[in-house]
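Everything numeric in this text was worked out from a predicted model, so none of it was measured.
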Amino acid sequence: MTTITFFRLSFLLLFLSHAFSDLCNPQDKKVLLQIKKDLNNPYLLASWDPNTDCCDWYTINCDPKTHRINSLTIFSSTPDTNFSAQIPPSVGLLPYLETLEFHKLPKLTGPLPPAITKLTHLKFLRISWTNLSGPVPAFLSELTNLTFLDLSFNNLTGSIPGSLGNLENLDAIHLDRNHLTGSIPPSFGSFKSNPDIYLSHNNLSGTIPTSFKNLNSTVIDLSRNKLVGDASPVFGSALQRVDLSRNQFSFDLSKVEFAPSLTSLDLNHNKVYGNIPQVLTTLDLQFLNVSYNRLCGQIPVGGKLQNFDVYEYFHNKCLCGSPLPSCKN
Ligand SMILES: *[C@@H]1O[C@H](CO)[C@@H](O)[C@H](O)[C@H]1NC(C)=O
Ligand SMILES: *[C@@H]1O[C@H](CO)[C@@H](O)[C@H](O)[C@H]1NC(C)=O
Ligand SMILES: *[C@@H]1O[C@H](CO)[C@@H](O)[C@H](O)[C@H]1NC(C)=O
Ligand SMILES: *[C@@H]1O[C@H](CO)[C@@H](O)[C@H](O)[C@H]1NC(C)=O
Ligand SMILES: *[C@@H]1O[C@H](CO)[C@@H](O)[C@H](O)[C@H]1NC(C)=O
Ligand SMILES: *[C@@H]1O[C@H](CO)[C@@H](O)[C@H](O)[C@H]1NC(C)=O
Ligand SMILES: *[C@@H]1O[C@H](CO)[C@@H](O)[C@H](O)[C@H]1NC(C)=O
């Protein structure tokens, strides 16, 4: 074999091995390059080079067997203000996507495109710390495989669509830190999978639907809204952490049935009345804040109740006893 032939042969082999090492599905690759274009060629996607295997690109994951794209996670560790775009409908053309994330992109604006409902395998959807606007779309209920839905820290407005209650596999739903209005849909009390529910820092009003008493969620955060009335339906049998602070809830604390699993209870800044019930001394409370309410009577002695500060009890109607000043008879 001459040296020339040897080099030709090696070159051919190198070429072939390169061509065959491209595991990425050609259709997926085409779609990804379209998405990159639709996102205005952001620096964050600089690794999306058409001459390389898209399964090797940052922010992408391929299924190890089928090599179809199953994950697209575009995020920046610090807010990336260069990234200026809307979520393109082309993301709906990655049919095997299970994970989709856009995170810490303050100039990602506009609504969530309906094309996202084509992603029937989607399990994890996080679009947070962006400037997504418009309503929380009712069509998200079509994504019945979702286990995790996070649209927190956005610019979403309007009311929460009741259809989301149809998402039977949710482990957690985060709609906190938007500008949502209206009331909490009664369908949220019929989530079959008892998801953790985060709706804090919105402008939600009305009462908590009584259907919540069927729910066995472990975390419920409704803080910083304009909710009124009786909050006792949220105290389900599996509850561990509940934050109802900074609303206008008005109910008798002594009538609430607390789950033995409760470790964190934040009620500060409401209109809660009655006594602090003795049963709270039997709980392994790591956090308690009942300040700025209308509670009365002696703080029961025992359990963790004296581990908390004056600031977790102060500004009530006539609450007394350690750590507050002792009760006058
Ligand atoms: C944003 O763009 C500016 C100017 O083009 C550049 O200097 C900077 O490195 C970019 N930042 C990021 C995070 O890409
Ligand atoms: C949304 O945009 C506003 C105005 O540009 C900005 O102040 C805010 O930080 C952005 N929101 C997020 C979550 O990045
Ligand atoms: C949910 O995912 C499974 C398996 O990934 C798939 O067979 C099923 O069709 C998906 N559900 C829907 C509504 O597409
Ligand atoms: C936030 O939403 C409001 C009302 O929809 C809109 O006027 C505003 O431009 C949005 N802000 C950003 C930064 O997209
Ligand atoms: C709630 O509504 C008030 C009054 O309309 C407004 O000033 C405030 O910014 C809103 N808060 C949120 C989180 O949207
Ligand atoms: C909640 O727990 C109770 C008692 O453990 C049970 O009877 C009920 O079916 C559960 N509900 C849901 C939606 O899981
Ligand atoms: C409890 O709430 C009050 C009133 O908002 C606040 O001053 C205090 O720091 C809170 N305590 C804790 C431990 O968060």
Side-chain angles (χ1 to χ4, degrees), residues 28-50 52 54 56-61 69-95 97-119 122-140 142-143 146 148-161 164 172-182 198-204 221 223-225:
D28 285 351
K29 188 173 196 170
K30 204 175 127 201
V31 170
L32 287 169
L33 291 169
Q34 182 62 44
I35 291 173
K36 181 179 180 181
K37 187 165 164 263
D38 293 344
L39 291 171
N40 307 316
N41 289 308
Y43 180 74
L44 258 182
L45 305 183
S47 72
W48 292 21
D49 170 355
T52 60
C54 79
D56 292 335
W57 295 352
Y58 294 146
T59 74
I60 297 293
N61 199 58
I69 304 292
N70 61 12
S71 167
L72 172 58
T73 54
I74 302 181
F75 62 90
S76 176
S77 46
T78 54
D80 180 346
T81 51
N82 287 353
F83 189 104
S84 179
Q86 297 205 357
I87 297 176
S90 45
V91 297
L93 301 174
L94 294 169
L97 218 52
E98 292 176 17
T99 296
L100 177 62
E101 174 169 9
F102 289 89
H103 185 58
K104 288 214 176 151
L105 305 166
K107 289 193 182 159
L108 184 74
T109 57
L112 204 53
I116 217 162
T117 57
K118 289 192 264 182
L119 304 173
L122 210 57
K123 294 191 175 97
F124 182 104
L125 176 60
R126 168 183 277 151
I127 301 169
S128 69
W129 287 88
T130 75
N131 257 305
L132 199 66
S133 60
V136 176
F139 58 66
L140 287 176
E142 292 171 39
L143 296 170
L146 277 188
F148 185 87
L149 174 60
D150 180 357
L151 302 177
S152 63
F153 287 90
N154 282 301
N155 189 22
L156 297 169
T157 52
S159 55
I160 301 173
L164 296 188
I173 178 164
H174 297 252
L175 301 177
D176 48 301
R177 305 218 184 221
N178 280 289
H179 307 291
L180 302 175
T181 52
Y198 296 85
L199 302 176
S200 74
H201 297 79
N202 280 295
N203 262 331
L204 299 172
D221 184 355
S223 62
R224 294 179 190 254
N225 279 290

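- No side-chain heavy atom of I173 sits under 4.5 Å from any side-chain heavy atom of L146.
- For the atom pair W48 CH2 and W57 CH2, the distance stands at 7.0 Å (nearest 0.5 Å).
- Residues L44 and S76 come closest through the heavy atom pair CD1-CB, 4.4 Å.
- One finds the OG1 atom of T81 at 13.0 Å from the CG atom of L108 (value rounded to the nearest 0.5 Å).
- The shortest distance between side-chain heavy atoms of L132 and F102 does not fall below 4.5 Å.
- Of all the heavy atoms in N202 and L199, the pair that sits closest is ND2-O, 3.1 Å.
- Evaluation of the salt bridge (Lys or Arg N to Asp or Glu O under 4.0 Å) rule for R126 yields E101, D150 as partners, not counting sequence neighbours.
- Of the possible polar contacts, one joining the N178 side chain to the N154 backbone as a donor-acceptor pair under 3.5 Å is found.
- Other residues, nucleotides and ligands contribute only 12 or fewer heavy atoms inside 6.0 Å of the CZ atom of F75.
- Within the 3.5 Å criterion, the main-chain N or O of C54 finds no donor-acceptor partner in the side chain of D56.
- N225 contributes a side-chain N or O that, together with a main-chain N or O of S223, makes up a donor-acceptor pair within less than 3.5 Å.
- Rounded to the nearest 0.5 Å, atoms OG1 (T157) and CG (N155) are 7.0 Å apart.
- For the pair R177/Y198, no side-chain contact is recorded, criterion being any heavy-atom separation below 4.5 Å from C-beta on.
- In this structure, K29 contributes its side chain and P50 its backbone to a donor-acceptor pair below 3.5 Å.
- Residues L105 and I127 fail the side-chain proximity criterion, which asks for heavy atoms closer than 4.5 Å.
- Counting heavy atoms from C-beta outward, Y43 and N82 have side chains that stay 4.5 Å or more apart.
- Taking CG from L122 and CG from L143, the interatomic distance works out to 5.5 Å, rounded to the nearest 0.5 Å.
- Within a 6.0 Å radius of OH in Y58, other residues, nucleotides and ligands contribute 12 heavy atoms or fewer.
- In plain terms, the two heavy atoms of S128 and H103 that are nearest each other are OG-ND1, 2.7 Å.
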Is there a side chain to side chain contact (heavy atoms under 4.5 Å, CB included) between L156 and L151? Walk through the geometry before answering. CA-CA 8 Å; L156 297 169; L151 302 177; 3.8 Å; yes
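- Between the side chain of D38 and the backbone N or O of P89 there is no donor-acceptor pair closer than 3.5 Å.
- A heavy-atom distance below 4.5 Å is found between the side chains of I116 and L100.
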Can you check side chain to side chain contact (heavy atoms under 4.5 Å, CB included) on T78 and K104, steps first, answer last? CA-CA 7 Å; T78 54; K104 288 214 176 151; over 6 Å; no
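- K30 NZ: 12 or fewer foreign heavy atoms inside a 6.0 Å radius.
- Looking at every heavy atom in both residues, S90 comes nearest to I35 through OG-CG1, 3.5 Å.
- Side chain of D28 to main chain of I69: a donor-acceptor pair is present (N/O by atom type, distance under 3.5 Å, no hydrogens or angles).
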Show your working on ring-ring contact (aromatic ring centres under 6.0 Å, His included) between H201 and F153 and close with a plain yes or no. CA-CA 9 Å; H201 297 79; F153 287 90; 7.8 Å; no
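- By the 4.5 Å heavy-atom criterion applied to side chains, P161 and V136 are counted as neighbours.
- Listed here is the closest heavy atom pair of P113 and I87: CG-O, 3.6 Å.
- Counting heavy atoms from C-beta on, the side chains of L112 and L140 come closer than 4.5 Å.
- To the nearest 0.5 Å, the span separating CG on L72 from OG1 on T99 amounts to 9.5 Å.
- Atom NE2 in H179 sits 10.0 Å away from atom OG in S133 (nearest 0.5 Å).
- Residues D80 and P106 share a closest heavy-atom pair of O-CD, 3.5 Å.
- The side chain to side chain contact (heavy atoms under 4.5 Å, CB included) check on Q86 picks up T109, P111, with sequence neighbours excluded.
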